[in-house]
Amino acid sequence: MLQQMNYWLMKSEPDVFSFEDLKACQQQTEPWDGIRNYQARNFMRDAMKPGDQVLFYHSNTNPPGVAGIAEIASKAYPDPTAFDKKSSYYDPKSDPENPRWLLVDVRFKADLKRYVALDEIKQIPECAAMRLIQRGNRLSITPVSKSEFQAIKNAGMRQA
DNA sequence: GCCAACGTTGGC
DNA sequence: GCCAACGTTGGC
């Protein structure tokens, strides 16, 4: 049975974990830990599936933008950093018997020929409704439509 | 580094 | 259950 594929945009600060870092561990998967927002968690828990495609977005950098394509490599499972007192993601209110925070594994999927900066995304007509470009958006994981995903991927595959 | 926007917390 | 205070995000 052919399962419907979903598309996502996931933000990361490249100083912390960049697309190049993900690519460097190409054979392995990377746990997307530290998500401490219920909406983002619920997307992972309720809608993400292995094989879903991801726009890997660099935030808090100049310029912000989509750096490459990743893919979801696992279903959601408890985020161990929530129980690690030494982790900056430690959450004393997360009960190991009933974990509050989840993560998914992510892996490198494909390079783009070039970076697609936020300024350019704002100019793409297909992307006008994206949550990313709405004022005040802070959500680090957002669903994107197939046409939004394709429009950004196509832009990144065109030569600069 | 600034600051607007947003989510969460906790007193009441 | 309201809402002010607070901490965080992220573009600029």
Side-chain angles (χ1 to χ4, degrees), chain A residues 6-24 30-48 52-72 76-109 111-145 147-156 158 160:
Chain A
N6 291 323
Y7 301 89
W8 305 95
L9 182 140
M10 296 171 79
K11 296 180 187 174
S12 184
E13 301 190 20
D15 291 346
V16 179
F17 187 76
S18 70
F19 184 68
E20 291 71 28
D21 294 331
L22 181 68
K23 191 180 179 186
E30 184 69 22
W32 201 266
D33 57 19
I35 298 295
R36 298 292 179 268
N37 170 284
Y38 290 104
Q39 268 187 278
R41 179 204 66 184
N42 294 347
F43 285 137
M44 293 194 289
R45 182 189 64 195
D46 302 332
M48 274 187 180
D52 285 357
Q53 304 288 100
V54 176
L55 299 167
F56 194 115
Y57 180 85
H58 284 178
S59 64
N60 246 311
T61 190
N62 189 18
V66 170
I69 307 296
E71 120 183 303
I72 301 301
Y77 61 94
D79 181 345
T81 64
F83 312 120
D84 178 1
K85 285 198 172 67
K86 295 191 294 282
S87 170
S88 55
Y89 299 131
Y90 176 62
D91 180 0
K93 283 175 288 200
S94 183
D95 174 7
E97 297 301 311
N98 184 22
R100 176 180 297 199
W101 302 117
L102 305 174
L103 58 73
V104 294
D105 291 335
V106 172
R107 79 162 65 87
F108 169 86
K109 172 74 173 180
D111 277 317
L112 298 173
K113 287 182 179 162
R114 63 182 182 83
Y115 191 77
V116 184
L118 178 59
D119 275 350
E120 181 177 353
I121 295 172
K122 289 176 178 172
Q123 306 301 319
I124 300 175
E126 288 91 331
C127 296
M130 281 183 78
R131 200 149 178 180
L132 177 71
I133 62 177
Q134 310 308 316
R135 180 177 175 76
N137 165 60
R138 289 171 33 187
L139 200 54
S140 63
I141 298 177
T142 53
V144 302
S145 72
S147 59
E148 290 162 351
F149 180 89
Q150 281 297 340
I152 291 174
K153 186 177 177 183
N154 289 345
R158 280 197 295 274

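Every chain is numbered from 1, with letters handed out A, B, ... down the list of sequences.
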Rounded distance (Å) that lies between atom [atom2] of [N] and atom [atom1] of [X]:
X      : N      : atom1 : atom2 : answer
A:N37  : C:dG10 : CG    : P     : 10 Å
A:L132 : B:dA5  : CG    : C1'   : 15 Å
A:R135 : B:dC3  : CZ    : P     : 15 Å
A:N62  : C:dG10 : CG    : C1'   : 12 Å
A:I121 : C:dG10 : CD1   : C1'   : 14 Å
A:E13  : C:dT8  : CD    : C1'   : 10 Å
A:N42  : B:dG7  : CG    : P     : 13 Å
A:K11  : C:dT8  : NZ    : P     : 17 Å

Under 3.5 Å, is there a donor on one side chain and an acceptor on the other for A:Y89 and A:D84? no
Between A:S18 and A:D21, do the side chains contain an N or O donor and an N or O acceptor separated by less than 3.5 Å? yes
So which nucleotide from [options] ends up closest to the side chain of [X]?
X      : options               : value
A:D119 : C:dG10, C:dC12, B:dT9 : C:dC12
A:P64  : C:dG10, C:dG11, B:dA5 : C:dG11
A:Y38  : B:dT8, C:dG11, C:dG10 : B:dT8

Just to be sure I understand the rule, does A:Q39 reach a base, reach only the sugar-phosphate, or reach nothing, if contact means heavy atoms closer than 4.0 Å? sugar-phosphate
Assign each of A:R100 and A:G136 the nucleotide of DNA chain B bearing its closest heavy atom; nearer the 5' end lies the nucleotide of A:G136
Given A:S94 and A:R36, is the side-chain hydrogen bond (donor to acceptor under 3.5 Å, both in side chains) satisfied, shown in steps? CA-CA 11 Å; A:S94 183; A:R36 298 292 179 268; over 6 Å; no
Ring centroid separation for A:W101 and A:Y77, is it under 6.0 angstrom? no
Tested for side-chain contact (heavy atoms from CB on, under 4.5 Å) against A:L9, the lone hit among A:L139, A:L55, A:I121 is A:L55
Would you tell me if any nitrogen or oxygen in the side chain of A:K93 comes within less than 4.0 Å of OP1 or OP2 on B:dT9? yes
